[in-house]
**Q** 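I'd like to ask you about the structure that follows.
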Amino acid sequence: MAATIINGYEIAAKIRSRTAEETLKLKEAGIEPCLAVILVGDNPASVSYVTGKQKALAEVGMKDRSIHLKEETTEEELLELIRTLNEDSTVHGILVQLPLPRHINGEKVIMAISPEKDVDGFHPVNMGNLIIGRKAFLPCTPHGVLVLLEETGVETDGARAVIVGRSNIVGKPLAILLTRKEYNATVTICHTGTKKLKEITRQADILIAAAGSPGMITGDMIKPGAAVIDVGVNRIPDSTKKSGFRLTGDVKFEEALEVAGCITPVPKGVGPMTIAMLMVNTLESALNFKNKANRQK
Ligand code: NAP
Ligand code: L37
């Protein structure tokens, strides 16, 4: 039997709609949730993702303070902008879209964002809190994956999860979150140094592909009935498309469909969830600021 296709697009729309209701309440209480998305340069994929984030902000009724800087922007100019936004009490979230141009040190930039406004959850303070199980902004993509699993009714307790990819923005935080008691999965992280990858992925009840390597997960690497989450978003040149490319995941979708129990497609899988969770984090940040202001009264 073919796998169930997990509709990330629909689940993300539901989350945005709930966030819109909460945003309205907050606005009635006098606080307008506001996010500043900073994009440096014109990387086509980044432009597309940032546009998606801005569309979502408009849809949920939040204020959009996004800033598009030119490729030649210096590191100091970017740091100065972040300092200004840190000080601006009407801004609740700051997100710098990665990757940054080569002449800018991404780590330095992330460190400059106030942890209270770091809705991406990339600042070491948020990462550290995440690891020790304290309250923190959860990175949007891992958070989105967890919500997809929950919404699909995939049991994580006692499950064997295998994650292919160990990046700071996806694989690593997702592995930590899935090992939390509330999810209780047993997690294996794979990377380019992993030997006999297929033997490991075949043991996964939950297989998460976050490698950025188109179609690297083939049908024979999947345990029958497994939940397969494809985080990869890869642009493949395609002259039959108006855009000149098509999007594909890290999983050979047609092959996987025959083996998996459920699977996310690309597009309309994890991607829209990443953006929806960004709206959730921005709302949470605005609520935190409101609560803090009330305590100071
Ligand atoms: P990244 O920083 O490039 O990291 C990729 C990871 O995968 C690395 O740990 C790498 O191993 C590992 N890897 C690559 N090829 C492999 C292979 N053949 N076998 C085993 N491991 C392999 O990537 P990222 O930022 O996490 O992104 C991963 C993918 O997710 C990309 O396609 C990206 O576009 C996509 N993404 C999607 C969303 C979304 O919202 N859907 C969000 C973020 C990223 P090493 O560490 O050994 O190099
Ligand atoms: N939070 N996310 C955050 N910060 C960053 O610095 N790079 C980065 C990041 N990654 C990111 O934004 N990824 C991402 C990937 C895919 C989508 C959105 C965000 C997405 O919407 N994908 C759509 C297709 C979009 C398209 O047509 O290009 C999808 O359906 O998968």
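All ligand and atom numbering here is 1-based and tracks the order in the structure. Numbers here are sequence positions counted from 1.
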**Q** Please determine if Y49 has a nitrogen or oxygen closer than 3.5 Å to a nitrogen or oxygen of ligand 2.
**A** no
**Q** Are R16 and E21 close enough for a salt bridge, meaning some N to O gap below 4.0 Å?
**A** no
**Q** What's the shortest distance from atom 22 (N) of ligand 2 to any protein heavy atom, and which residue and atom give it?
**A** G271 CA, 3.7 Å
**Q** With atom 18 (N) of ligand 1 as the reference point, say which of M216, M277, M273, K172 has the nearest heavy atom.
**A** M216
**Q** Could any protein non-hydrogen atom be found less than 4.0 Å from atom 21 (N) of ligand 1?
**A** yes
**Q** If the threshold is 4.0 Å, N to carboxylate O, is there a salt bridge linking K14 and E151?
**A** yes
**Q** Side chains of Y49 and Q54 only: does a donor on one sit below 3.5 Å from an acceptor on the other?
**A** no
**Q** Would you say T141 and I169 make side-chain contact, with heavy atoms under 4.5 Å?
**A** no
**Q** Considering non-hydrogen atoms of the protein only, which is the closest contact for atom 37 (C) of ligand 1, and what is the distance?
**A** V231 O, 3.1 Å
**Q** How far is atom 15 (N) of ligand 1 from the closest protein heavy atom, and which atom is that?
**A** A211 CB, 3.8 Å
**Q** Looking only at non-hydrogen atoms, which of P139, G212, A45 approaches atom 29 (C) of ligand 1 most closely?
**A** G212
**Q** Find all atoms of ligand 1 within a distance of less than 4.0 Å from any non-hydrogen atom belonging to V164, and give their numbers and elements.
**A** 20 (C), 21 (N)
**Q** For a quick check under 3.5 Å, do E76 and T74 share a side-chain donor-acceptor pair by atom type?
**A** no
**Q** Would you check the N or O atoms of K53, main chain and side chain alike, for any that come under 3.5 Å of an N or O of ligand 2?
**A** yes
**Q** Nearest 0.5 Å, what's the CG-CG distance between L247 and N234?
**A** 8.5 Å
**Q** At under 4.0 Å between heavy atoms, is it the side chain or the backbone of F122 that contacts ligand 2, or both, or neither?
**A** side chain
**Q** Looking only at heavy atoms of G52, does any of them come nearer than 4.0 Å to an atom of ligand 2?
**A** no
**Q** Do any heavy atoms of V96 fall under 4.0 Å from ligand 2?
**A** yes
**Q** Within the structure, does S213 bring an N/O atom to less than 3.5 angstrom of an N/O atom in ligand 1?
**A** no
**Q** Could you tell me whether V233 and ligand 1 have an N or O pair separated by under 3.5 Å?
**A** yes
**Q** So which heavy atom in the protein is nearest atom 8 (C) of ligand 2, and how far is it from that ligand atom?
**A** Q97 NE2, 3.4 Å
**Q** Do any nitrogen or oxygen atoms of T192 lie less than 3.5 angstrom from nitrogen or oxygen atoms of ligand 1?
**A** yes
**Q** Tell me whether L79 is reachable from I113 by hopping between hydrophobic residues (I, L, V, M, F, W, Y) whose side-chain heavy atoms are closer than 4.5 Å.
**A** yes
**Q** Identify whether the distance between the nearest side-chain nitrogen and carboxylate oxygen of E80 and R83 falls below 4.0 Å.
**A** yes
**Q** Touching ligand 2 at all, D120? Heavy atoms, strictly under 4.0 Å?
**A** yes
**Q** Looking only at heavy atoms, is any part of I275 under 4.0 Å from ligand 2, and if so is it the side chain, the backbone, or both, or is it neither?
**A** side chain
**Q** Quick one: do E28 and K25 make a salt bridge, cutoff under 4.0 Å?
**A** no
**Q** Side chains of H92 and N288: any donor to acceptor distance under 3.5 Å?
**A** no
**Q** At the 4.0 Å heavy-atom cut-off, does L247 count as touching ligand 2?
**A** yes
**Q** Considering only the protein, which heavy-atom contact is closest to atom 28 (O) of ligand 2, and what is its distance?
**A** S48 OG, 2.9 Å
**Q** About how many Å separate CG of L130 and NE2 of H123, when rounded to the nearest 0.5 Å?
**A** 14.5 Å
**Q** Is there a nitrogen or oxygen of V233 sitting under 3.5 Å from a nitrogen or oxygen of ligand 2?
**A** no
**Q** What do you reckon, does K268 have a nitrogen or oxygen under 3.5 Å from a nitrogen or oxygen of ligand 2?
**A** yes
**Q** Answer with side chain, backbone, both or neither: which part of P267 has a heavy atom less than 4.0 angstrom from an atom of ligand 2?
**A** both
**Q** Purely on distance, is any nitrogen or oxygen of Y49 under 3.5 Å from one on ligand 1?
**A** no
**Q** Identify, by atom number and element, the atoms of ligand 1 in contact range of G165, meaning under 4.0 Å from any of its heavy atoms.
**A** 6 (C), 7 (O), 9 (O), 12 (C)
**Q** Can you tell me the protein heavy atom closest to atom 6 (O) of ligand 2 and the distance?
**A** L98 N, 2.8 Å
**Q** For A112, is there any backbone N or O sitting under 3.5 Å from a side-chain donor or acceptor partner on N86?
**A** yes
**Q** For S213, does its backbone N or O pair with a side-chain atom of D250 as donor and acceptor, under 3.5 Å?
**A** yes
**Q** Report the part of T194 in contact with ligand 1, treating N, CA, C, O as backbone and CB onward as side chain, heavy atoms under 4.0 Å; options are side chain, backbone, both, neither.
**A** neither
**Q** Does atom NZ of K63 have more than 12 heavy-atom neighbours from other groups under 6.0 Å away?
**A** no
**Q** For D64 and A58, indicate whether the former's side chain and the latter's backbone hold a donor-acceptor pair under 3.5 Å.
**A** no
